[in-house]
Amino acid sequence: MTKKERVLKLRELLDKAYPDVKCSLNYTTPLEMLIATQMSAQCTDARVNIITETLFKKYRNAEDFANADYDELCEDIKSAGFYRNKAKNIILCCQRLIDVYGGEVPDTMEDLTSLAGTGRKTANLVLGDIFGKPAVVVDTHCKRIAKRIGLTTNDDPTKVEMDLKKIVPSDYQLRMCHQFVAHGRAVCTARNPKCAVCPIKEVCKSAGKC
DNA sequence: CTCCCGATAT
DNA sequence: ATATCAGGAG
């Protein structure tokens with residue numbers, strides 16, 4: 001089986017196992033999605049959702065975040081971890097949104113990654129989920145699973161992204177990444193993956209070997 | 001490559 | 001006790 005044939009089979013199996021995937025972060029605007037995603041670094045989405053439930057009532061737009069008091073914002077998001085970096089980045093990011101983008105979230109990779117705290121993973125998620133563009137979102141789950149399945153041998157997230165872009169149809173890329181996250185949480189966990197009950201084990205090079 | 005960092009599962 | 005959680009910056 002070629003890589004593309006395996007991707008086709010993979011898609012069939014993932015669609016059956018995870019038919020209703022979506023971003024598990026709660027948000028109501030593009031800005032909220034951007035901020036929530038920035039905060040989700042090395043932190044569970046469930047924790048971010050607890051924080052943002054009150055955070056987004058206190059700070060309602062880019063201007064509110066841009067004018068936020070640093071120490072106060074630190075306290076507001078402390079439980080997310082890396083809170084000093086994240087608070088600083090949120091403020092800098094929103095100041096640039098105000099100064100350069102009229103307070104709106106831009107829709108290109110170049111513009112998004114020019115914002116503080118916004119790398120390719122966050123940018124791709126915004127491009128895909130907010131603007132409906134093709135996007136390969138390489139987070140910890142996507143990287144781990146792509147490697148285990150055998151779709152890449154690279155460890156660098158940008159290289160993994162390029163590998164997946166080559167072999168996955170553009171209209172399926174974002175959906176597959178969401179499915180990888182769901183699969184990574186429920187079955188293909190970092191420690192002790194449940195290969196015995198894995199719905200995609202027939203296309204996985206590492207089945208039973210992790 | 002290292003640092004940032006609290007919360008949770010194992 | 002330790003690994004891991006939808007990463008990014010210096």
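As the structure is a computational prediction, the values presented were derived from the model and not from experiment. What's counted below: heavy atoms across the whole structure, side chains too, no hydrogens, waters or symmetry copies. A, B, ... follow the sequence lines: proteins, then strands. Residue 1 opens every chain.
Atoms CG (A:Leu92) and P (B:dC4) sit 18 Å apart, rounded to a whole Å. Protein atom CG of A:Asp76 is 16 Å distant from nucleotide atom P of B:dC5, rounded to whole Å. When the C1' atom of B:dC5 is taken as reference, atom NZ of A:Lys88 falls 14 Å away, rounded to whole Å. Summarising the geometry, the separation between NZ on A:Lys194 and P on B:dA9 is reported as 13 Å, rounded to the nearest angstrom.
Across B:dC5 and C:dT2, the matching C1' atoms stand 15 Å from one another, rounded to whole Å. The P atoms of C:dA6 and B:dT2 are separated by 24 Å, rounded to the nearest whole Å.
Taking CD of A:Glu5 as the start and CD1 of A:Ile167 as the end, the distance is 12.5 Å to the nearest 0.5 Å. In this structure, CG on A:Leu125 lies 10.5 Å from CG on A:Leu112, to the nearest 0.5 angstrom.
Using a 4.0 Å heavy-atom distance criterion, A:Thr189 is classed as making no nucleic acid contact. A:Lys78 comes within 4.0 angstrom of sugar-phosphate atoms only, judged by non-hydrogen atoms across all strands, and of no base. No engagement by A:Ile51 is indicated, since no non-hydrogen atom pair under 4.0 Å with the nucleic acid exists. When heavy atoms are screened at a 4.0 angstrom cut-off, A:Thr118 is found touching the sugar-phosphate backbone but no base atom. Here A:Arg84 lies in heavy-atom contact (under 4.0 Å) with sugar-phosphate atoms only. A:Cys142 comes within 4.0 angstrom of nothing in the nucleic acid, heavy atoms only.
A donor and an acceptor atom, one from each side chain of A:Arg175 and A:His178, are nowhere located under 3.5 Å apart. Residues A:Glu161 and A:Asn124 have side chains that bring a donor and an acceptor to within less than 3.5 angstrom of each other. There is no side-chain donor-acceptor pair under 3.5 Å between A:Asn26 and A:Glu32.
The aromatic rings of A:Phe56 and A:Phe65 sit perpendicular, their planes meeting at an angle over 60°, well past the 30° parallel limit.
Between chain A and DNA chain C, the heavy-atom contact criterion of under 4.0 Å yields a 5' to 3' nucleotide range of C:dA3 to C:dA9.
The backbone N or O of A:Val138 sits nowhere less than 3.5 Å from a side-chain atom of A:Lys143 that would complete a donor-acceptor pair.
Heavy-atom distances to DNA chain B give each of A:Gly81 and A:Arg47 a nearest nucleotide, and the one nearer the 5′ end belongs to A:Gly81. Both A:Gly117 and A:Thr44 lie close to DNA chain C; mapped to their nearest nucleotides by heavy-atom distance, the more 5′-ward contact belongs to A:Thr44. Comparing A:Asn85 and A:Ile50 by the nucleotide of DNA chain B that holds the closest heavy atom to each, the one mapping nearer the 5' end is A:Asn85. Summary of the strand contacts: A:Cys177 and A:Ala116 both lie near DNA chain C, and taking for each the nucleotide with the nearest heavy atom, the more 5' one is attributed to A:Cys177.
By the 5.5 angstrom centroid cut-off and the 30-degree plane limit, A:Phe82 is classified as stacked against the base of B:dC4.
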